[in-house]
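Here's the structure we're looking at; comments come further down.
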There are 2 protein chains.
Amino acid sequence: MTVWDRPEPPTRPVPLDRERIVAAAIALADEGGLEAVSLRKVAARLDAGPMRLYGYISTKEELFDLMVDEVHAEILPEEQPGDWREVLRIRAHRTRQATRRHEWLADLLGGRPALGPNALAVTEATLAALDGLADLDTVLRAVETVSAYFTGAIRREIANLRAERATGLSKRDWQRASGPHLRRMLATGRFPALAKAVHDGTEVDAEASFATGLDWVLDAVAAKLAQPPA
Amino acid sequence: MTVWDRPEPPTRPVPLDRERIVAAAIALADEGGLEAVSLRKVAARLDAGPMRLYGYISTKEELFDLMVDEVHAEILPEEQPGDWREVLRIRAHRTRQATRRHEWLADLLGGRPALGPNALAVTEATLAALDGLADLDTVLRAVETVSAYFTGAIRREIANLRAERATGLSKRDWQRASGPHLRRMLATGRFPALAKAVHDGTEVDAEASFATGLDWVLDAVAAKLAQPPA
DNA sequence: TAATAGTTCAATACAGTATATCGCCATGAG
DNA sequence: CTCATGGCGATATACTGTATTGAACTATTA
C-alpha cells in the first residue's frame, strides 16, 4: 500500500452556513427551476445529509425567502441617480434582468412580502429617492403601483417565454399554431377580436413592451406626484 | 336482517367528468389553499381512487389550469358597459374579487398563459371593448399594462393579507411589531426612509389603494389611447 | 488523565406526493 | 352463455419535507 492508495482521512465536513446553502439552492434553481430545489439535492451538493440543513434553516419556505433576498442584492444598484423617475425605472429594469438570470424568481415574485435585508435595502433606496416629492401616502402608492406593474409584467413575460420554449415556437407562431387547441378555439369564430389581434399584431420584443408599459405607468405617477396634496 | 341493514348495493361509482373533478379541486383549494390540493384528496372527495383522475386530466398542472379557467367564468361579467375604461376597471375589480373568494388564485395568477375557453372569453370581451380606439399594437399594450398592474397588485395584496393573518396583526401593527425581525432591522437605523414610512403611513384599506393605483394606470392608458398613432 | 456532559451530525423513519404499470372484473356484443 | 374489451383500482416506484433518535466527537470538569 503506497501513499497514493492510502484512504483519505475522514473528510472533516466543510462547515456549513446559510450563505453556502442559499448559493447551492440558487445554483440548483438556475439549472432546473424551482422544482429542482429539494432539500435533499441542496444538501447533496454540499456533501451533507438532508437533516444537516435544518440547523441553519427551519423550513423550505424560509430557504426560498433567503433565495429571493439574495437576488435582491443583485437588484440594488451600486449608486442611485438623483432623479426619482430614473430610480424607479432602473429598479424595474434591474428586477427584470435579475429575473431573466434567475427565472425561478418569477414564481416567487410578489408571492410573499420581501423582508430580508437586501429587499429592505432596495425599498429603502426607492423611498429615499421619492422622499418629500409629495405627501407620504401618495409616495407609497406611487411606489406600490410601479412595483405592481413590473411584478405582473415580469411574471407574464416569463410565463410566455416558457410557453414558447415548450412549443419551440416564437410568440407569433406560437399563438398562430399553438397546438391544435388555440387554433380550434379561434376557428370557432367566438373570439373575433382576439383572432384579429393574433393575426394582425406585430411581434414586439419583450424588453420594448416592458419599457413602454413602464413609461406609461411612470407618466401616470409623475402626474399624481406633481399634484399638490389634497 | 331488515331492509335497513341490508348492505348497500356496490355503489356504482358516479361517472366522473372534468367539471366534477375541477369543482372538487376548487373546493379543496378554497378550504385549505393550493397545497391542500392533491390528486389523492381530490379523488377521495369523489369516492374514487387516485388513478381514476388520469382518465380526465393528464397532469396536476393541467388541473390547475382548469381551475384557473373555471374561475375566469366568474370574472367574465354578464354584460359589458360600452365605455372601454369601465370595461378595464370592472375586469380588474372582478379579478380581485374572484381572488378574494379563491385566495389560491393569487398563487397562479400570471404564472402561466391563460388559454382556457373562459379566459379567452374574458380577453375577447376586453379586446372587443377597445377595438378601434387606437392602432392594434397600442391597444394590446394598453390591455397588457393594465393586466400587469392588477395581477401584481392582487398578488401583493394577498401576500400581505396572509402575512397579517399569520401574525394576527393589522397591517400597521404588523409592520410596527412584525416579529422581532423587522423591528431589529428598522432599529439599526439603516433604513430611515422606510422607518418613517412605517411610522407615519396611514393605514389605507386594500380596496381603496387597489382602486387608486388602477385609476392612475387607467389615466395613463387613456392618454396614450388618445394620441394619434405615430 | 479519566470521566462526563454536551453538542453536532447522520441514519432511519414516517407520512405524504405524482405518476406508471398491470391485472381484474364487469359490462357489452355475438 | 361465452368471450372480448376496456375502464377502473390496487399496487409499485421514486420522490418529497420533516421528526426522531442514536452515535460520535468536543470540551469541560474531577
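Only this structure's heavy atoms are used, side chains among them; waters, hydrogens and symmetry mates stay out. Lettering of chains follows the sequences in order, A, B, ..., and the numbering in each one begins at 1.
- When every heavy atom of A:L109 is checked against every heavy atom of A:T151, the shortest pair comes out as O-CG2, 4.0 Å.
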* Worked verdict on A:V22 versus A:Y56 for side chain to side chain contact (heavy atoms under 4.5 Å, CB included) -> CA-CA 10 Å; A:V22 171; A:Y56 305 88; over 6 Å; no
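- Per the geometry, CD belonging to B:E61 stands 17 Å off P belonging to C:dT17, to the nearest Å.
- As a whole-Å value, the separation of B:Y54 OH from D:dC8 P is 16 Å.
- Aromatic pair B:H93/B:F210: centroids less than 6.0 angstrom apart.
- For the pair A:E62 CD and D:dG17 P, the computed distance is 15 Å after rounding to whole Å.
- Per the geometry, CZ belonging to B:F64 stands 12 Å off C1' belonging to C:dT17, to the nearest Å.
- Note on A:T59: a side-chain N or O is less than 4.0 Å away from OP1 or OP2 of D:dT18.
- Rounded to whole angstrom, the span from the NZ atom of A:K60 across to the C1' atom of C:dG16 amounts to 14 Å.
- Atom P of nucleotide C:dA15 and atom NZ of B:K41 are separated by 15 Å, given to the nearest angstrom.
- One finds no salt bridge joining B:K60 and B:E35 here, because no Lys/Arg side-chain nitrogen approaches an Asp/Glu carboxylate oxygen to under 4.0 Å.
- You won't find any donor-acceptor pair under 3.5 Å spanning the side chain of B:R40 and the base of C:dG16, going by distance alone.
- For the pair B:E31 and B:R45, the salt-bridge criterion is met [side-chain N within less than 4.0 Å of a carboxylate O].
- Nearest to the side-chain atoms of A:Y56 among the listed nucleotides D:dT16, D:dG9, C:dC9 stands C:dC9.
- Straight-line distance from the CG atom of B:L34 to the C1' atom of C:dA18: 15 Å, rounded to whole Å.
- Of the listed nucleotides (D:dT18, C:dT17, C:dA18), D:dT18 has the atom at the smallest distance from the side chain of A:P50.
- Rounding to whole angstrom units, CG of residue A:L28 and C1' of D:dT16 are separated by 14 Å.
- Of the candidates D:dT16, D:dC8, C:dT19, the closest approach to any side-chain atom of B:R52 belongs to D:dC8.
- Closest to the B:L39 side chain, of the nucleotides D:dT18, C:dA18, C:dA10, is C:dA18.
- The side chain of A:M51 has C:dA11 as its nearest neighbour among C:dA18, D:dC8, C:dA11.
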